[in-house]
Amino acid sequence: MHATIFDIDGTLLQSAGVDDELYKEAVGSVFHGAFFRPALSDYDYVSDSGILSQVMIDNSIPDDPEAVSRIKSNFVGLLNEHIAKHGPFPEVPGAKNILKKFRESPDHAVAIATGGWRESALLKLQTAGFGELADPIATADDAYDRKEIMRIALARLSGTYTSVTYFGDGPWDRDATSGLGWKFVAVGSALGGLDSYLDLDGI
């Protein structure tokens with residue numbers, strides 16, 4: 001058996017840019033005037049929980065679970081508004097079909113590991129028609145470190161696998177996969193990866 005694990009933003013859905021923009025807006029709605037580092041790769045932990053923790057440290061904001069809860073709620077609200085106005089985030093071409101193919105294969109088990117929070121991740125997947133394909137999933141509610149999120153996703157498959165492959169779109173995905181000793185498949189232009197799953201026969 002082979003385990004295949006997918007990121008979401010930029011990997012299954014064409015949502016990375018908007019997601020980043022709305023995330024920053026949600027943080028700013030609670031932590032007014034908070035500044036962000038120039039790029040996602042400038043953060044040690046590229047996940048919604050990890051980035052927020054470092055934003056709070058960078059801006060000398062004390063730990064405040066209630067404020068974090070408001071940010072998460074505002075973020076989901078902004079995503080809902082965006083989807084209501086523009087429609088669901090489009091899938092990377094062939095993404096649903098490749099997930100279904102791997103799930104139906106007797107040789108593969110499939111999970112999702114995302115740096116996003118669970119509620120926002122499920123909202124994006126379900127509105128884009130991935131609802132029945134969104135389990136098991138590990139998110140930034142489970143851990144802030146991407147490698148740990150990926151380990152949790154694998155553990156939720158509850159099996160023994162001869163190989164593990166991760167599909168991701170960012171350098172942090174590539175680096176985390178390397179640190180775990182898994183195979184990596186790049187998706188999107190940032191890493192010169194796949195722009196479609198339509199011609200992908202296997203891994």
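The basis for the numbers below is simple: all heavy atoms, side chains too, and nothing from hydrogens, waters or symmetry mates. Numbers here are sequence positions counted from 1.
Here the closest non-hydrogen pair linking I152 and A143 is CD1-CB, 4.2 Å. Contact detail for D9 and A16: the closest heavy-atom pair is CB-CA, 4.0 Å. Of all non-hydrogen atoms in G116 and T139, the two that sit nearest each other are O-CB, 3.2 Å. Listed here is the closest heavy atom pair of Y166 and A113: OH-O, 2.8 Å. Nearest heavy-atom pair, F167 versus T11, reported as atom, atom and distance to 0.1 Å: O-CG2, 3.3 Å. Closest of all the heavy-atom pairs between A138 and A153 is CB-N, 3.6 Å.
In this structure, the side chains of V55 and I51 come closer than 4.5 Å at one or more pairs of heavy atoms. Side-chain contact between I5 and I112: absent, with no pair of heavy atoms (C-beta onward) separated by less than 4.5 Å. Counting only heavy atoms from C-beta outward, the side chains of L123 and I83 approach each other to under 4.5 Å. Counting heavy atoms from C-beta outward, Q14 and P93 have side chains that approach closer than 4.5 Å. The closest side-chain heavy-atom distance from Y23 to I71 is not below 4.5 Å. Counting only heavy atoms from C-beta outward, the side chains of Y161 and W182 never approach each other to under 4.5 Å. Side-chain contact between L133 and K100 is present, with heavy atoms from C-beta onward closer than 4.5 Å. The closest side-chain heavy-atom distance from Q54 to R37 is below 4.5 Å.
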> Stepwise, does the side-chain contact (heavy atoms from CB on, under 4.5 Å) test hold for F75 with E25?
Replying inline: CA-CA 8 Å; F75 182 42; E25 185 176 342; over 6 Å; no
>> Under the criterion side-chain contact (heavy atoms from CB on, under 4.5 Å), I'd like the reasoning laid out for F130 against E91: C-alpha separation, chi angles, the key distance, then a yes or no.
In response: CA-CA 9 Å; F130 286 77; E91 67 174 304; 3.9 Å; yes
>> Walk me through whether H2 and T165 qualify under side chain to side chain donor-acceptor pair (under 3.5 Å).
In response: CA-CA 8 Å; H2 304 277; T165 300; over 6 Å; no
> Would R146 and D7 satisfy salt bridge (charged side-chain N to carboxylate O under 4.0 Å, His left out), going step by step from the backbone distance to the final call?
Replying inline: CA-CA 10 Å; R146 190 164 290 257; D7 183 27; 3.7 Å; yes
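A donor-acceptor contact shorter than 3.5 Å is absent between the side chain of S189 and the backbone of G192. Between the side chain of S29 and the backbone N or O of A26, at least one donor-acceptor pair lies under 3.5 Å. The backbone N or O of F184 sits nowhere less than 3.5 Å from a side-chain atom of R174 that would complete a donor-acceptor pair. No donor-acceptor pair under 3.5 Å is formed between the side chain of D142 and the backbone N or O of I149. A donor-acceptor contact shorter than 3.5 Å links the side chain of D173 to the backbone of G170. Not one N or O on the side chain of N59 forms a donor-acceptor pair closer than 3.5 Å with the backbone of I61.
Interatomic distance, CG of L125 versus NZ of K96, reported as 10.0 Å (0.5 Å rounding). The structure places CD of E81 at 9.5 Å from CG of L79, a figure rounded to the nearest 0.5 Å. To the nearest 0.5 Å, atoms OG (S178) and NZ (K183) are separated by 14.5 Å. For the atom pair CG of D42 and CG of D58, the computed distance is 10.0 Å after rounding to the nearest 0.5 Å.
Heavy-atom neighbours of E148 CD from other residues, nucleotides or ligands within 6.0 Å: above the threshold of 12. More than 12 heavy atoms of other shown residues, nucleotides or ligands fall within 6.0 angstrom of atom CZ in R156.
Under a hydrophobic clustering in which Ile, Leu, Val, Met, Phe, Trp and Tyr are joined whenever their side-chain heavy atoms come within less than 4.5 Å, directly or via other members, L191 and L13 fall into different clusters. If you chain together hydrophobic residues whose side chains sit under 4.5 Å apart, L52 and L40 fall into the same group. Cluster annotation: M150 and W172 are assigned to distinct hydrophobic clusters (Ile/Leu/Val/Met/Phe/Trp/Tyr, side-chain heavy-atom contacts under 4.5 Å, transitive). Both V46 and V68 belong to a common hydrophobic cluster when Ile, Leu, Val, Met, Phe, Trp and Tyr are linked at side-chain heavy-atom distances under 4.5 angstrom.
Using a 4.0 Å cut-off between charged nitrogen and carboxylate oxygen, D19 and K124 count as a salt-bridge pair. One finds no salt bridge joining D48 and K72 here, because no Lys/Arg side-chain nitrogen approaches an Asp/Glu carboxylate oxygen to under 4.0 Å.
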